[in-house]
S.K.: 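Here it is: the structure, laid out below.
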Amino acid sequence: MPTGALPAQESEHGHEDAPCGALSAGNGRARGRQEGTPGRDERYRFREPDPVLRLSALYDGQRPSDGVEDHGRPWRHGRRTRSPHRSVPEAVGSHSGQLMGETTTEPREELSQVLRHRREKLEALRAKGVEPFAYNFHRSADAAGAVATFEGAEKAGSLDEKDHGERVEVGGRLVGWRDMGRSIFAHLEDASGRIQLYFKKNILGEDDFETLALLDVSDWIGVEGPTFRTRTGEVTVQVESWTLLAKSLRPLPFGKAETDPETGERIIHSGFADQETRYRQRYADLAVHPDVREVFRLRSRVISSLRRFLDEEGFLEVETPVLQPLYGGASAKPFVTRHNALDQTMYLRIADELYLKRLIVGGLDRVYEISKDFRNEGLSRVHSPEFTMLEWYQAFSDYEDQMDLCERMILYVMDEVMGTRQVTFGSHQLTIEAPFRRIGLVSALSEALGRDVHEMSEDDLRAEAERRNVADLDGAGPGKLIDKLFGELVEPGLIEPTFVIDHPKELSPLAKPHREDPRLTERFELYMGGAEVFNAFSELNDPIDQRERFETQVALREAGDDEAQQIDEDYIRALEYGMPPTGGVGMGVDRFVMMLLDQPTIRDVILFPMLRNED
RNA sequence: GACCCGGUAGCUCAGCUGGCAGAGCAACUGACUUUUAAUCAGUAGGUCGUGGGUUCGAGCCCCACCCGGGUCACCA
């Protein structure tokens, strides 16, 4: 599990799990595996003699009589039939067939025993008149608030004669359960943190206490009662009444947590380690891993902070098309789709750039957009086909100004969200301070090669690249060769924030020529933690030059480069009306978040990363 | 795409040179009224990714395939 050093979080919630109540749903084997029966079909019948007497007893006489086939759905009796909840919630999925005793073509479910027990408890609860899926629950505090209030009262000496704090109503998910016989300790977790619950038989009464045995870790419950501090020092709710809010029919894969007696640190033994399953079932990953929840809370705060920064700088947030008749603004392959009514091929955008610059032409002189872009390419640690891009364009600025703006923005976000300028990138500990290092792409490469890149012919460059086993050189011109060599030789070392500036013209068809060296463009990429996070130019505003650049791209495309750009006539028309000098920046928001939160892969900062179809 | 590693109980994993498929946790039964990885006693739980092959015998060896992770390479 990701264990990035996340700053400034409240508590380290660990995970605990524990066996739940003593009472239970009975002996599955006896029912499901009777001699000679093929298993599934028999599993849910209630027949005599049924050894599951404790469970049966809880039905309070509503238990279906025996030996009749349609008792596969005992909860269908009584008022349940007309309940808006109808039969089984969606989570049941393919198991309903099983449970109904029907033959089904569904593959046999892996969890049948565990799922069965929970379903039996659900029935037992309904038989006792306990509604397992509540409509609402009023909370007087969240878990952290209840603890804080108690501690405040304790400090102020305002506890009552029994050392109880005020009564609270808290609600959350059961994440731990320790049954001690006539008393039970449990932990309840909500978005704020966790709080211990204490259930005591002679407070709740015999019957209510018995019913607790039908609860499980993962259930949502609400409780009410005074707070107190246990002998071991933990602030705890002494439960006087409880309400089941939602029965969990599928146990969450909680791991175990222990507290190191030496350091007091919580050591977490994850019960949910399979990366793929964690991405597919992000709900369970989030439910079980508080630090994953924290990553996404911080991601959200980073994005808010970026937005606030740009708003304060006078930028206007805009929205431009995701579905485009012509894609452009980057070198990438698009997703293709079709609009039926217009009978027209559409592309999912690969960049926002060309639309945003049209807005500069129109006089909206500082604009930005935070959006999903789509590139039909492979997946990797730093590439997702669907990713979040922030682009902004500012008239009356050039790339020098934008480097300054980037520095300010990064420090603004760090101060506001992280509260520190210290950051960890893998094994590197860094302090981020402006100004960042600036290196010329060509001069840095020249230094790495030990010879002046400008003096090298295309053949020299190719020979160097081949000597260093740089892959995929087909059709690469000198610009691309320089870029490849740079990627090989210089890029991996760019851990601390570094502006790499002044790229070869061939690589940057939308950037202005360098004012001092026509072979280059005024462009920078900002690298952090070894990955490119920002990309920016002094934007090309000469429509005649722009057309020539597009034509060069078309030639590259015809030569087989399917990532080369196309001529966008409408964009050229816009430039012909006149675009003021403009600096523009694109930022990979996911990567930025990765860097700030020290997350090793882009999937760890995307809630639902793209995966191959399940089956 | 190429290379490396992996897929065994609900989860995390072990399984030697081919010889009866295992552990911990979770589940289930029982005990326990201030525990917190609760503890103690007991019970159940398996299509060893899929399909072929070799063998008296395959989780293990061979072939093919599926799925995942990592590394490399390109766009943020």
Side-chain angles (χ1 to χ4, degrees), chain A residues 14-30 32-33 51-52 54 107-118 176-187 196 198-203 209 216-217 228-234 236 238 250-259 266-277 279 288 330-333 350-351 373 375-378 380-384 387-391 469-472 480 483-484 487-488 525 531-535 563 586-592 600-602 611-612 614-615:
Chain A
H15 316 301
E16 288 168 64
D17 210 353
C20 68
L23 180 59
S24 90
N27 187 334
R29 180 185 51 151
R33 291 285 174 100
V52 194
R54 300 235 28 203
R108 189 154 164 259
E109 173 58 42
E110 73 285 359
L111 262 176
S112 53
Q113 183 195 54
V114 173
L115 294 184
R116 218 163 57 229
H117 288 141
R118 295 222 164 182
W177 189 268
R178 294 177 294 284
D179 186 336
M180 311 286 298
R182 289 177 193 81
S183 68
I184 297 169
F185 287 91
H187 271 102
Q196 184 167 253
Y198 180 50
F199 298 93
K200 205 170 172 183
K201 191 167 189 173
N202 61 4
I203 290 179
F209 192 81
D216 288 295
V217 167
F228 73 108
R229 197 179 279 282
T230 61
R231 198 176 287 162
T232 47
E234 181 160 354
T236 300
Q238 180 171 291
R250 186 181 288 272
L252 284 164
F254 285 105
K256 282 277 195 179
E258 62 182 312
T259 307
R266 273 191 104 78
I267 302 163
I268 292 167
H269 308 279
S270 180
F272 196 35
D274 184 76
Q275 281 298 336
E276 185 201 352
T277 313
Y279 296 139
V288 153
S331 301
K333 283 172 264 184
I350 59 171
D373 286 359
R375 298 189 183 176
N376 209 338
E377 292 161 347
S380 84
R381 195 178 68 78
V382 287
H383 294 93
S384 168
F387 64 100
T388 302
M389 173 81 105
L390 164 60
E391 292 190 30
N469 296 318
V470 176
D472 197 19
K480 199 149 192 170
D483 190 52
K484 292 265 187 188
E488 185 75 12
E525 293 175 304
E532 181 191 344
V533 181
F534 292 71
N535 180 26
E563 293 186 346
M587 166 186 182
V589 173
D590 311 281
R591 287 186 184 176
F592 184 59
T601 85
I602 198 165
L611 297 168
R612 194 181 296 272
E614 204 173 3
D615 292 328

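Lettering of chains follows the sequences in order, A, B, ..., and the numbering in each one begins at 1.
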S.K.: Can you tell me the distance, in whole Å, between the CG atom of A:Asp179 and the C1' atom of B:C28?
M.R.: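 Result: 13 Å.
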S.K.: In whole Å, I'd like the distance from the CZ atom of A:Arg381 to the P atom of B:A76.
M.R.: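 That distance rounds to 16 Å.
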S.K.: Flag the pair A:Val382 / A:Arg591 as yes when at least one side-chain heavy-atom distance between them is below 4.5 Å, and no otherwise.
M.R.: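 Answer yes - side chains close enough.
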S.K.: So what does A:Ser384 touch, heavy atoms closer than 4.0 Å: a base, only the sugar-phosphate, or nothing?
M.R.: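 Base, at least one base atom sits under 4.0 Å.
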S.K.: Which nucleotide wins on minimum distance to the side chain of A:Glu276, given the candidates B:C67, B:U34, B:A76?
M.R.: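 In terms of side-chain proximity for A:Glu276, the closest of B:C67, B:U34, B:A76 is B:C67.
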S.K.: Provide, to the nearest angstrom, the distance between the CZ atom belonging to A:Phe228 and the C1' atom belonging to B:U34.
M.R.: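 Going from CZ in A:Phe228 over to C1' in B:U34 covers 7 Å.
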S.K.: Which is true for A:Asn376 with a 4.0 Å heavy-atom rule: it touches a base, it touches only sugar-phosphate, or it touches nothing?
M.R.: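 Nothing, no nucleic acid heavy atom in range.
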S.K.: What distance, rounded to whole Å, do you find between the two P atoms, one in B:G22 and one in B:C16?
M.R.: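 Here B:G22 and B:C16 have their P atoms 14 Å from each other.
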S.K.: Among B:U34, B:A76, B:G70, which nucleotide has an atom closest to any side-chain atom of A:Thr601?
M.R.: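 The nucleotide sitting nearest to the side chain is B:G70.
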S.K.: Can you tell if the side chain of A:Arg118 reaches within under 4.5 Å of the side chain of A:Pro251, non-hydrogen atoms only?
M.R.: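 With C-beta onward as the side chain, the pair touches.
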S.K.: Quick one: which of B:C28, B:A76, B:U34 gets closest to the side chain of A:His117?
M.R.: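 The closest nucleotide is B:C28.
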S.K.: Classify A:Glu234 by what it touches in the nucleic acid, base, sugar-phosphate, or nothing, heavy-atom distance under 4.0 Å.
M.R.: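 Counting heavy atoms under 4.0 Å across all strands, the contact made by A:Glu234 includes a base.
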S.K.: Does A:Thr388 have any side chain to side chain contact (heavy atoms under 4.5 Å, CB included) partners at least two apart in sequence or in another chain, and if so, which?
M.R.: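 Only A:Arg299, A:Ile370, A:Lys372, A:Val589, A:Asp590 meet the side chain to side chain contact (heavy atoms under 4.5 Å, CB included) criterion with A:Thr388.
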S.K.: What dot-bracket string describes RNA chain B from 5' to 3', counting Watson-Crick and G-U wobble pairs whose defining distances are under 3.5 Å, with [ ] for crossing pairs and | for pairs to another strand?
M.R.: (((((((..((((.....[..)))).(((((.......))))).....(((((..]....))))))))))))....
S.K.: Check the pair A:Arg178, A:Ile184 against side-chain contact (heavy atoms from CB on, under 4.5 Å), reporting the backbone distance first and the verdict last.
M.R.: CA-CA 6 Å; A:Arg178 294 177 294 284; A:Ile184 297 169; 5.9 Å; no
S.K.: OP1 or OP2 of B:C32 versus the side-chain N and O atoms of A:Arg182: is any pair under 4.0 Å?
M.R.: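 So the side-chain polar atoms of A:Arg182 do come within 4.0 Å of the phosphate oxygens OP1 or OP2 of B:C32, strictly under.
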S.K.: Mind checking if A:Phe534 touches a base, just sugar-phosphate, or nothing, with heavy atoms under 4.0 Å?
M.R.: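 It contacts nothing in the nucleic acid.
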S.K.: What's the closest nucleotide to the side chain of A:Arg178 if the choices are B:A76, B:A38, B:U34?
M.R.: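 For A:Arg178, the side-chain atoms sit closest to B:A38.
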S.K.: Does A:Thr230 reach a base, just sugar-phosphate, or nothing at all? Heavy atoms under 4.0 Å.
M.R.: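 Contact class for A:Thr230: base.
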S.K.: Taking the six-membered ring for Trp and the single ring otherwise, decide whether the centroids of A:Trp177 and A:Phe199 are under 6.0 Å apart.
M.R.: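 When the ring centroids of A:Trp177 and A:Phe199 are compared, they turn out to be within the sub-6.0 Å range.
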S.K.: Looking at B:A26 and A:Phe254: do their rings stack (centroid distance under 5.5 Å, interplanar angle under 30°)?
M.R.: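 Taking the rule of under 5.5 Å and under 30°, the ring of A:Phe254 does not stack on B:A26.
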S.K.: Could you tell me whether the phosphate oxygens of B:A76, OP1 or OP2, come under 4.0 Å of any side-chain nitrogen or oxygen in A:Asn535?
M.R.: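 A:Asn535 to B:A76 OP1/OP2: side-chain N or O found under 4.0 Å.
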S.K.: Is any side-chain heavy atom of A:Ile350 closer than 4.5 Å to one of A:Met389?
M.R.: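 No. Closest side-chain heavy atoms not under 4.5 Å.
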S.K.: How long is the line joining CH2 of A:Trp177 and P of B:U35, in whole Å?
M.R.: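 Answer to the nearest Å: 18 Å.
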S.K.: Between B:U54 and B:C61, how far apart are the C1' atoms? Round to whole Å, please.
M.R.: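 It works out to 8 Å between them.
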S.K.: On a whole-Å scale, what distance lies between the P atoms belonging to B:A23 and B:C62?
M.R.: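 Comparing P positions in B:A23 and B:C62 gives a spacing of 29 Å.
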S.K.: Could you measure between the two P atoms, the one in B:A76 and the one in B:G15, and give it in whole Å?
M.R.: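 After rounding to an integer number of Å, I get 45 Å for this pair.
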S.K.: Can you check the distance between B:A58 and B:C65, where both ends of the measurement are the P atom (answer in whole Å)?
M.R.: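 To the nearest whole Å, 24 Å.
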S.K.: Scan A:Phe592 against the nucleic acid and name what it touches under 4.0 Å (heavy atoms): base, sugar-phosphate only, or nothing.
M.R.: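 No contact.
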S.K.: Contact class for A:Ala332 (heavy atom, under 4.0 Å): base, sugar-phosphate, or nothing?
M.R.: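 The residue A:Ala332 makes sugar-phosphate contact but no base contact.
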S.K.: Contact class for A:Ser380 (heavy atom, under 4.0 Å): base, sugar-phosphate, or nothing?
M.R.: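 Touches a base.
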S.K.: Check the pair A:Arg229, A:Gln196 against side chain to side chain donor-acceptor pair (under 3.5 Å), reporting the backbone distance first and the verdict last.
M.R.: CA-CA 10 Å; A:Arg229 197 179 279 282; A:Gln196 184 167 253; over 6 Å; no
S.K.: Which part of the nucleic acid does A:Asp590 contact within heavy-atom distance under 4.0 Å: base, sugar-phosphate only, or nothing?
M.R.: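 Nothing: the residue A:Asp590, judged by heavy atoms under 4.0 Å, touches no strand.
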S.K.: Let's go through A:Thr236 and A:Thr230 carefully: what are the C-alpha distance in whole Å and the side-chain angles of both, what is the deciding distance for side-chain contact (heavy atoms from CB on, under 4.5 Å) to 0.1 Å, and is it a yes or a no?
M.R.: CA-CA 7 Å; A:Thr236 300; A:Thr230 61; 3.2 Å; yes
S.K.: Counting side-chain heavy atoms from CB outward, which of B:U35, B:U33, B:A76 is closest to A:Gln196?
M.R.: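 Side chain of A:Gln196 sits closest to B:U35.
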S.K.: How would you label the contact of A:Lys200 with the nucleic acid (heavy atoms, under 4.0 Å): base, sugar-phosphate, or nothing?
M.R.: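 Answer is base: heavy atoms of A:Lys200 come under 4.0 Å of a base.
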S.K.: Nearest whole angstrom, please: distance from the C1' of B:A37 to the CE of A:Met180.
M.R.: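 Rounding to the nearest Å, CE of A:Met180 and C1' of B:A37 are 14 Å apart.
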S.K.: Nearest whole angstrom, please: distance from the C1' of B:A26 to the CZ of A:Phe272.
M.R.: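 Roughly 14 Å, once rounded to whole Å.
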S.K.: Whole angstroms only, please: what is the CZ-C1' distance between A:Phe185 and B:U34?
M.R.: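 Going from CZ in A:Phe185 over to C1' in B:U34 covers 4 Å.
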S.K.: Would you mind reading off the distance between A:Leu115 atom CG and B:A9 atom C1', rounded to a whole angstrom?
M.R.: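 Nearest whole value for this atom pair: 14 Å.
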S.K.: Taking ring-ring contact (aromatic ring centres under 6.0 Å, His included) as the definition, give me every residue that meets it alongside A:Phe228, ordered by chain and number, with sequence neighbours left out.
M.R.: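 In terms of ring-ring contact (aromatic ring centres under 6.0 Å, His included), with neighbours along the sequence ignored, A:Phe228 is linked to A:His164, A:Tyr198.
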S.K.: For a quick check of understanding: with a heavy-atom distance under 4.0 Å over all strands, which category does A:Ile350 fall into, base, sugar-phosphate or nothing?
M.R.: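 Nothing: the residue A:Ile350, judged by heavy atoms under 4.0 Å, touches no strand.
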